[in-house]
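Everything on this sheet refers to the single structure shown next.
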Amino acid sequence: MSFEMDAARPSDLLILALESSCDDTGAAVVRARADGGRAQGPGEILSNIVVGQEELHAAFGGVVPEIAARAHAERLDIAAEAALREAGVALRDLSAVAATAGPGLIGGVLSGVMTAKGLALGAGLPFLGVNHLAGHALTARLTHGLAFPYPMLLASGGHCQLVAVLGPQDFRRLGGTIDDSPGEAFDKAARLLGLPQPGGPSVQRQAEAGNPETWPFPRPLLDRDGADMSFSGLKTALRRARDEVLSTRKGLSDDDVADLCASFQAAICEVLVEKSRRALAGFAAEWGRAEAFCVAGGVAANALLRAQLENLCAETGLTPCFPPLDLCTDNAAMIAWAAAERLAAGETDPLDLPARPRWPLDHAATPLLGSGRKGAKA
Ligand code: KG4
Ligand code: ZN
């Protein structure tokens, strides 16, 4: 499929995108201004449909890839139709159709890629396969029109990376988790303490009444140089602390739960903030002073983490940039924007583009992660 763009002439790009890499089925229409071969943020979100699958997976304690893929296949065309309707846009008005082409649970990614290719082929439109992590990393350009380069922290249930965002397809990893993501750690902590899922908000609520100094939980890898993180040991420490309380009493009191949650939350936040501090120093040394520090992902909703990261920004003279939460978590608007960034430069993908379970943002960096509860994280 060929696509001719006169890079010298400003134009409007209208993109329909699909997102299906985990357990949310997303479809969105985004308008972007293209000028001089670049998409100029902020973009305009005309629709952003997200259909969750929580109820389908609830009984299994995690996302079941086969169930997710089937649900995506059943819902993607309905979501796409709803996104077009809500945006007041017909297929023929579009500049391109895009989909997340990885990384993620491969069945779901395939469902999205096949649906987008079918729509593009049927309507005679260009197709683009987008890196899901690039979608997260570029969201600050969609929402705030942030200029390259900028440092960002992506902390969610599926991901944990510190990245230098240098261009639409140019990313350097500054650090990341070597095991669990912080969101997974919060979710596992909640399970250990009998609190409802998702764990992050439950732990945060309990922590409000607790003393964070009750339990001296470890701060993994803080003693080691660099910005890599580890969160899997923390849940073991929490289990031990819980069992220690249970060995002296019959059950956990409200105060016990509050203190365990506050101590656990403090440990995670300290690691994320300290590693962010190092990543920001590394960024400044290599690319100079950044304008803003962007923080995205479900864990960015944590009030303590937000406050501490805002302090870090104040200390380092950076503007904190937190995109609104519905654009921090998985959504198709960010995929449409990432596609617009490439389309503005005249790029499209062939219709035989493969879906990829793994697709690191920084090709040169060595892989850090195994496959987590929500699929491959890098
Ligand atoms: O980005 P997200 O919505 O989804 C994926 O990872 O796909 O992130 C969800 C994660 C969950 O693990 C949840 O426990 C965590 O974000 N989370 C929080 C808070 N709200 C959501 N973690 C800590 N504090 C919160 N307030
Ligand atoms: Zn994601």
Side-chain angles (χ1 to χ4, degrees), residues 17-26 50-54 57 61-63 65 68 72 100-105 108-109 112 130-139 152-161 163 176-177 180-193 195-208 231 234-235 261-262 264-273 295-309 322-335 337-338 358-359 361 369 371-378:
L18 307 177
E19 155 60 37
S20 55
S21 63
C22 189
D23 57 348
D24 288 322
T25 309
V50 181
V51 187
Q53 302 181 358
E54 242 158 63
H57 306 282
V63 178
H72 285 307
T100 299
L105 300 171
V109 177
V130 170
N131 182 313
H132 175 88
L133 298 167
H136 280 301
L138 297 169
T139 300
M152 85 151 325
L153 166 67
L154 174 58
S156 70
H159 332 282
C160 181
Q161 303 197 6
V163 188
T177 182
D180 287 355
S181 72
E184 271 176 306
F186 274 115
D187 293 344
K188 287 175 181 169
R191 223 163 279 140
L192 281 170
L193 299 175
L195 301 170
Q197 295 294 320
S202 308
V203 171
Q204 176 177 321
R205 207 167 309 119
Q206 296 295 326
E208 279 161 20
F231 295 103
L234 263 169
K235 67 171 185 293
C261 284
F264 186 82
Q265 177 179 258
I268 293 207
C269 290
E270 190 179 330
V271 171
L272 283 169
V273 171
V295 185
V299 178
N302 186 272
L304 179 69
L305 181 65
R306 253 176 197 252
Q308 292 185 348
L309 289 173
F322 292 87
L325 207 61
D326 59 335
L327 296 174
C328 277
T329 55
D330 289 351
N331 68 89
M334 70 180 188
I335 303 303
W337 176 263
R358 283 183 173 271
W359 188 357
L361 270 184
L369 286 161
S371 188
R373 173 172 60 89
K374 292 191 166 186
K377 293 176 200 113

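Indexing begins at 1, ligand by ligand and atom by atom, following the structure's order.
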Any donor-acceptor N or O pair under 3.5 Å, side chains Ser181, His159: no

Look only at the side chain of [X] and the backbone of [Y], and say whether a donor-acceptor pair between them is shorter than 3.5 Å.
| X | Y | value |
| --- | --- | --- |
| Asp187 | Pro198 | no |
| Asn131 | Trp359 | yes |
| Ser202 | Pro196 | yes |
| His72 | Cys22 | yes |
| Arg358 | Pro103 | no |
| Gln197 | Ala190 | no |

For [X], counting its heavy atoms only, list the atoms of ligand 1 lying under 4.0 Å from any of them.
| X | value |
| --- | --- |
| Gly298 | 1 (O), 2 (P), 8 (O), 16 (O), 17 (N), 18 (C), 19 (C), 20 (N), 21 (C) |
| Asp187 | 11 (C), 12 (O), 13 (C), 14 (O) |
| Gly157 | 5 (C), 6 (O), 8 (O), 9 (C), 10 (C), 12 (O) |
| Gln204 | 24 (N), 25 (C), 26 (N) |

Metal check, the Zn ion (ligand 2) vs Cys22 N/O/S, cut-off below 2.8 Å: no

Please determine if [X] has a nitrogen or oxygen closer than 3.5 Å to a nitrogen or oxygen of ligand 1.
| X | answer |
| --- | --- |
| Gly183 | yes |
| Pro198 | no |
| Cys328 | no |
| Gly297 | no |

Within reach of ligand 1, part of Asp24 (heavy-atom separation under 4.0 Å): neither

Spatial distance of atom CD (Glu19) from atom CD1 (Ile335) [nearest 0.5 Å]: 5.0 Å

Gln265 CD to Arg205 CZ distance, which is reported to the nearest 0.5 Å: 11.5 Å

Atom name, Asp330 (N, O or S, nearest to the Zn ion (ligand 2)): OD1

NE2 (His136) to the Zn ion (ligand 2) to NE2 (His159) angle, given to the nearest 10 degrees: 100°

Whether Cys22 lies under 4.0 Å from ligand 1, heavy atom: no

